Protein chains: 2
Amino acid sequence: MVRPDRKRPVTSVDVAAAAGVSQATVARCFTTPEVVAPDTRLKIEAAADRLGYVPNAIARSLKSQRTNIVGAVVPALGEYWQNVVTYFSRRLTARGRQLLLFSFLDHAEVNETLEAVMQYRLDGLILASANIAEAQLARMRQTGLSLVAFNHPDAAGIVPSVTVDNEAGASELARHLAGLGCTRVLYLGGVAAASTDRARFRGAARTLASTGATCNYMEAGAFTYDAGYRAADTVVNLDRLPDAIMVGSDEVAFGMLDGLRRRGLTAPADVLVTGFDGLPQASWAGYDLTTLVQPADQLAEHAVELASGDGSDSSDAPPPSVVVAGTLRRGLTTRKGDAGRARPGSYSRRNCGTEPSAGR
Amino acid sequence: MVRPDRKRPVTSVDVAAAAGVSQATVARCFTTPEVVAPDTRLKIEAAADRLGYVPNAIARSLKSQRTNIVGAVVPALGEYWQNVVTYFSRRLTARGRQLLLFSFLDHAEVNETLEAVMQYRLDGLILASANIAEAQLARMRQTGLSLVAFNHPDAAGIVPSVTVDNEAGASELARHLAGLGCTRVLYLGGVAAASTDRARFRGAARTLASTGATCNYMEAGAFTYDAGYRAADTVVNLDRLPDAIMVGSDEVAFGMLDGLRRRGLTAPADVLVTGFDGLPQASWAGYDLTTLVQPADQLAEHAVELASGDGSDSSDAPPPSVVVAGTLRRGLTTRKGDAGRARPGSYSRRNCGTEPSAGR
DNA sequence: CGATCCTATGTATACGTATTCATCGTTGCA
DNA sequence: TGCAACGATGAATACGTATACATAGGATCG
């Protein structure tokens, strides 16, 4: 390798000098190769290779006003979000974009850090479950940034939005339960204030009501395993156990299943249990949960497409609002037939001879 | 708000004009506020506020040759890595840095995408479990980039490295098992070629040998739940069951536990089981796994510190190699006392009256 | 009271690239 | 052969900021 002085990084000017052409031609060679003559192109590529030239994306961004970077603001905790982030990353690199990630614990951090993020002139920004002040939203859009709200139905209409069809999904789960003869259902939400939670409950309650079943609401307090685990105690102490518990998220459902088990109850023998999200762990044999699988790859793809700002930015059109349908996963936790197989008094799992579906 | 023409973003020049000062003073006001007179500062801040000025980090980076961005290259799959990413993110924003994330499925993608990432002139780059060609490593360091290998012991000595003490951790688990009277132990690794896997087996084998116990090696084939689940079949078909199974990672261990359970075996009654990593799910009541908890926050903090390149870059010193000790988590899966409580033939989980430790 | 130092600010330039405009040689066609 | 059109390249400039240097006051001290 040639020693590029080790201090001064090699620039397009250096390459130009080495190849005996002008800097402009070198630049063209890396952005629009088709307009430069084949032999000059070879000379330039050879020189660039020899010097170890790497184009400077910072300078390019400054000139072209496009960074090719898309940001994502995502809750730090929760299996669901950790899962989604990797989809974002993969989709973006497939499009030649980079992902600038910011995960937050507390909503208060968001507005603060958003200021710092804005300095980087991102092409797009995906806001996942983040409550941003509307004033700030407006300011951000003025900069030409492509905002996308991800699984945050509240924002639909204000900002382009991508979300799973929560209401229809919950409705499908409810229909599934109704078909199994459930008439008394308990809906265990995570946080009642969350718009996704409300939409899911709405879908469940509406559908169950149409079948004559009841659907009470209960709040776990958080979208976490522990919240579900604790909620199980409350459920067990009810006057009468419901036929089924619809849990608002898989992670909470896992806690519920384990909490019930600790009290000697098991699904589906004593009560049916469903989740929502379709986490990889739902397919694990230890839970084998009936749930609504979010098509995470499709959701991410749509979000990334909107955030990449490739589309015509005719700012008069109403913000597009993509809603994708999920798919039902039938797991052991609602398999009525198996309830008989388990011997009463022995809530053993060894009897469930089901293979886990390949955990992705 | 003033209408900034909606097309031309407002720059420091605009603010300077509005405040009646020069552009240089505006710049100083945002980088070294202490050198500008208090009253001029107020004037500038007022003008900036009024115009909605946001400093342009791209231009700043071009001039100052520092982007304040740190990259991370991380495997896309696996609960462990998804967990680690959020720690990176949080630590970096705490230091005023941004995280550019790239998650890969296949090692082949890495070298390809790394070229694109290099164009962004990152301040540092954290390589997690990524096999990079040494030639490329050398080229990258020449650019002044602060490289850090994360949990990739192979790289220690070549590149600054941060890793948990795999050997000592496995040794501690082994001591724990030996103390419980185990003499025939099976070590179930993920991928034998992985350096972390080898280090863990080494620690386990060494310590067990010193107590007179045997320690055979077996390979699951991948660091996944399914691999562990399938390996359980092989284990069950052994001539004689080992006293304990040391699994090389928590995720594989979860699969093993569920796989054993399907065959009517349970931990700790029939065989003891340990994991490695300390995932949040290890604390879930459904598994309650004995494992070695990696101090993810400390590891991330060290990696971030090295990657931020704050330290003196006297390139002659040997690359620092940080090794952090993990801590043992004693779970139900090695609680010998409970083995008696479970009625033989009924591998029920309802009897484990343990509270899950708060899942963080 | 003049020389000196310090503080606050203005002027000018560089960071590395993309792109517009001009230039020059070549080809095609009449 | 002459002129237009074209293809390839060079020269020049702008993107928005940080900073070295210069400068103008004011304070300090002898």
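Everything quoted here is computed from the prediction, not taken from an experiment.
The 5' end of DNA chain C is approached more closely, in terms of each residue's nearest nucleotide, by B:V35 than by the other of B:V35 and A:A57. Annotation: of the two residues near DNA chain C, B:V21 and A:T32, the 5′-most nearest-nucleotide partner is B:V21.
Contact check for A:T86 versus B:L101: no side-chain heavy atoms found under the 4.5 Å cut-off.
Atoms CZ (A:R28) and C1' (C:dC21) sit 11 Å apart, rounded to a whole Å.
No contact: B:S61 has no heavy atom under 4.0 Å from any strand. Residue B:Q23 is classed as a base contact, given a heavy-atom separation below 4.0 Å to a base. Note on A:A37: only backbone sugar-phosphate atoms sit closer than 4.0 angstrom, heavy atoms only; bases stay farther off. Across all strands, A:V26 comes closer than 4.0 Å to no nucleic acid atom at all (heavy-atom distances).
Under 4.0 angstrom from either OP1 or OP2 of C:dT17 there lies no side-chain N or O belonging to A:T31.
Think of the region where chain B sits on DNA chain D: with heavy atoms and a 4.0 Å cut, that region ends 5' and 3' at D:dG16 to D:dA20.
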Next item on the list: Report the C-alpha distance between A:F150 and A:Y87 in whole Å, list the side-chain angles of each, state the deciding distance to 0.1 Å, and finish with yes or no for ring-ring contact (aromatic ring centres under 6.0 Å, His included).
Entry: CA-CA 13 Å; A:F150 187 85; A:Y87 278 102; 9.9 Å; no

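Computed from C1' positions of five pairs at each end, the angle between the two local axes of the helix from C:dC1-D:dG30 to C:dA30-D:dT1 equals 40°, rounded to 10 degrees.
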